[in-house]
Novice: 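This is the structure I have questions about; it appears just below.
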Number of protein chains: 2
Amino acid sequence: MDAMDNCTDSKDRILDKAEALFAEKGFHAVTVREITQAAHCNLAAVNYHFGNKQNLYLEVFRTRWMPRARRVQACFKDVLSTQDGRSLAGIVHALAEAFLKGPLTDDERLCHSQLMIREMAKPGLATDMLVDEVIKPFFGDLVVLLGPYLPENGERERVMLDIVSIFAMVIYFNFARVPVTRVTGQEYDEVFKERLVEHIVRFCLKGLDMDKKEGA
Amino acid sequence: MDAMDNCTDSKDRILDKAEALFAEKGFHAVTVREITQAAHCNLAAVNYHFGNKQNLYLEVFRTRWMPRARRVQACFKDVLSTQDGRSLAGIVHALAEAFLKGPLTDDERLCHSQLMIREMAKPGLATDMLVDEVIKPFFGDLVVLLGPYLPENGERERVMLDIVSIFAMVIYFNFARVPVTRVTGQEYDEVFKERLVEHIVRFCLKGLDMDKKEGA
DNA sequence: GTTTGTATAAAACAAATGTTTTAATGTCAA
DNA sequence: TTGACATTAAAACATTTGTTTTATACAAAC
């Protein structure tokens, strides 16, 4: 093993193609042969590098999905710190900005969402990792961030539902591209995505309806 | 073939179990043997009654999913006609009522949602049927219903996004039970579901922000 | 130069899986 | 009863699929 391979390491190529295929079709619908052919390497390479198919799936999350999730969160905090600080509108805008535009390319975002959605719809091999290391901590951050806008002390559940609702919007528009396109006739081009961000921010900001302290 | 079988027709039993398993695990993750064992019938029964596995999947949608979707829509129109008519609040409330409580049992609703979500996440065998015969028509109905509340004539896209957003909320809270439960600590019991309906109605009603003609 | 360890390739294996075949069973009509 | 038809049961079949084995090429270490 050295540098100057054909292109990149075959291990990396397998991870790349495996992620794309798992995202598109789901774990069971993808075969090891399909992956290795797409990665232009031998069938045995998967078992050589990763032991078995399940482990490859987990490695995809460890080495691809998790770092990307962290990048998105970092972007969120970045936007948050550079703009008008901690206003409610600023927080919601930063969320939409990070998750719908953010540091990811469009392909990356689609792939990323689909992988997550599959794990959320039915608990799978990577669900624990995903929930414990990404979703829960980030959710906790948001609770703290939105704390000042709480109506009262006893309304903790209300805030949880509000936060989840923002994610509902963000996630749904990423995962339901097909029906949205077929029903509205709108393609997911740049201009439509821009409109989407605008819409989500407006809808959620109104929906939150937290007119206690600082407003927009 | 006659009545007085062991319990019900084996064809029906296969459809029942197949639907539950397809909903839970997805098409590829379920085997024909798994289905026939759950349905207490012979392996060949699937191919005898339905030709092949794909056709069974389609039959599940034709004979199970579609009728249920129609029942939910009928319930929506029912609620709509019996309550305060055509106010915006009434429409949103009827939507939430029909889709989150409505005529389905909790198990049915979960099963129903999961099947739909899988088809929406990745276009599959039943996507055309689902979109053309259920989603599109119902979407059209809603556009008409919400027409009077349009801000202007040129804002058709805005209304589409608003409608889709309501579905985003309703669908998301059905499909993301696992992460919602694990993040908030809330089980999906009756009291929590009641709170959910309340929340969705409030959030969407505010989010729609259509203060043109009659208000709530 | 030999050895060692790593990566790739080709072939083989064993289990799983969708499908088909063939036989058996039961029901209803003639 | 007989014959046609529908349903169920058991076994076999042909692929597919995840995994393992064996062999080969190649670079670095001794």
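Hydrogens, waters and symmetry mates play no part in the numbers below; they use all other heavy atoms, side chains included. Proteins get letters first, then strands, A, B, ... in listed order; numbering begins at 1 in each.
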Novice: Applying ring-ring contact (aromatic ring centres under 6.0 Å, His included), can you list everything that pairs with B:F192, at least two apart in sequence or on another chain?
Specialist: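 B:Y188.
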
Novice: Could you state the CG-C1' distance from A:L125 to D:dG18, rounded to the nearest angstrom?
Specialist: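 Rounding to the nearest Å, CG of A:L125 and C1' of D:dG18 are 15 Å apart.
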
Novice: Below 4.0 angstrom from OP1 or OP2 of D:dT8, is there any side-chain N or O of B:S10?
Specialist: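 Looking at the OP1 and OP2 atoms of D:dT8, one of them is under 4.0 Å from a side-chain N or O of B:S10.
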
Novice: What integer distance in Å separates A:Q37:CD from C:dA10:P?
Specialist: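 So the two atoms are 12 Å apart, to the nearest Å.
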
Novice: Nearest to the side chain of A:V32 - D:dT8, D:dG18, C:dT20?
Specialist: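 The listed nucleotide nearest to A:V32's side chain is D:dG18.
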
Novice: When rounded to the nearest 0.5 angstrom, what distance separates CZ in A:R64 from CG in A:L115?
Specialist: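 Rounded to the nearest 0.5 Å, the CZ-CG separation comes out at 11.5 Å.
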
Novice: Consider the side chain of A:N42, meaning its heavy atoms from C-beta on, and name the nucleotide among C:dT8, C:dT20, C:dG18 that approaches it most closely.
Specialist: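 Nearest listed nucleotide: C:dT8.
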
Novice: Using heavy-atom distances to pick each residue's nearest nucleotide on DNA chain C, tell me which of B:G51 and A:C41 is more 5'.
Specialist: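 It is A:C41 whose nearest nucleotide is closer to the 5' end.
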
Novice: How long is the line joining CG of B:N52 and P of C:dT20, in whole Å?
Specialist: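 The distance from CG of B:N52 to P of C:dT20 comes to 8 Å, rounded to the nearest Å.
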
Novice: Can you identify which nucleotide, out of D:dG18, D:dT21, C:dT6, has its nearest atom closest to the A:A44 side chain?
Specialist: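 The listed nucleotide nearest to A:A44's side chain is D:dT21.
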
Novice: Atom NE2 of A:H40 and atom P of C:dA7: how far apart are they, to the nearest Å?
Specialist: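 Those two atoms, NE2 and P, are 21 Å apart.
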
Novice: How are the rings of A:F99 and A:F138 set to each other: parallel, tilted or perpendicular (split at 30° and 60°)?
Specialist: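 A:F99 and A:F138: tilted rings.
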
Novice: On the ring face of B:F22, is B:K53 found with NZ or CZ under 6.0 Å from the centre and within 45° of the axis?
Specialist: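 No, B:K53 and B:F22 do not form such a contact.
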
Novice: Nearest whole angstrom, please: distance from the C1' of D:dT17 to the CG of A:L56.
Specialist: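 After rounding, the reported distance stands at 15 Å.
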
Novice: So which nucleotide from C:dT21, D:dA12, D:dT21 ends up closest to the side chain of B:L43?
Specialist: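 Selected nucleotide (nearest to the side chain): D:dA12.
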
Novice: Could you tell me how far apart A:D9 (CG) and C:dT8 (C1') are, to the nearest whole angstrom?
Specialist: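 Result: 12 Å.
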
Novice: OP1 or OP2 of D:dT17 less than 4.0 angstrom from a side-chain nitrogen or oxygen of A:H28, does that happen here?
Specialist: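 No.
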
Novice: Could you tell me the separation between the NE2 atom of A:H49 and the P atom of D:dG18, rounded to a whole number of Å?
Specialist: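 So the two atoms are 18 Å apart, to the nearest Å.
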
Novice: Tell me: CZ of A:F50 to P of C:dA7, nearest whole Å?
Specialist: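 The distance from CZ of A:F50 to P of C:dA7 comes to 11 Å, rounded to the nearest Å.
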
Novice: Looking only at atom types and distance, does a side-chain atom of B:E19 sit under 3.5 Å from a main-chain N or O of B:V60, one as donor and one as acceptor?
Specialist: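 Looks like no, no N/O pair under 3.5 Å.
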
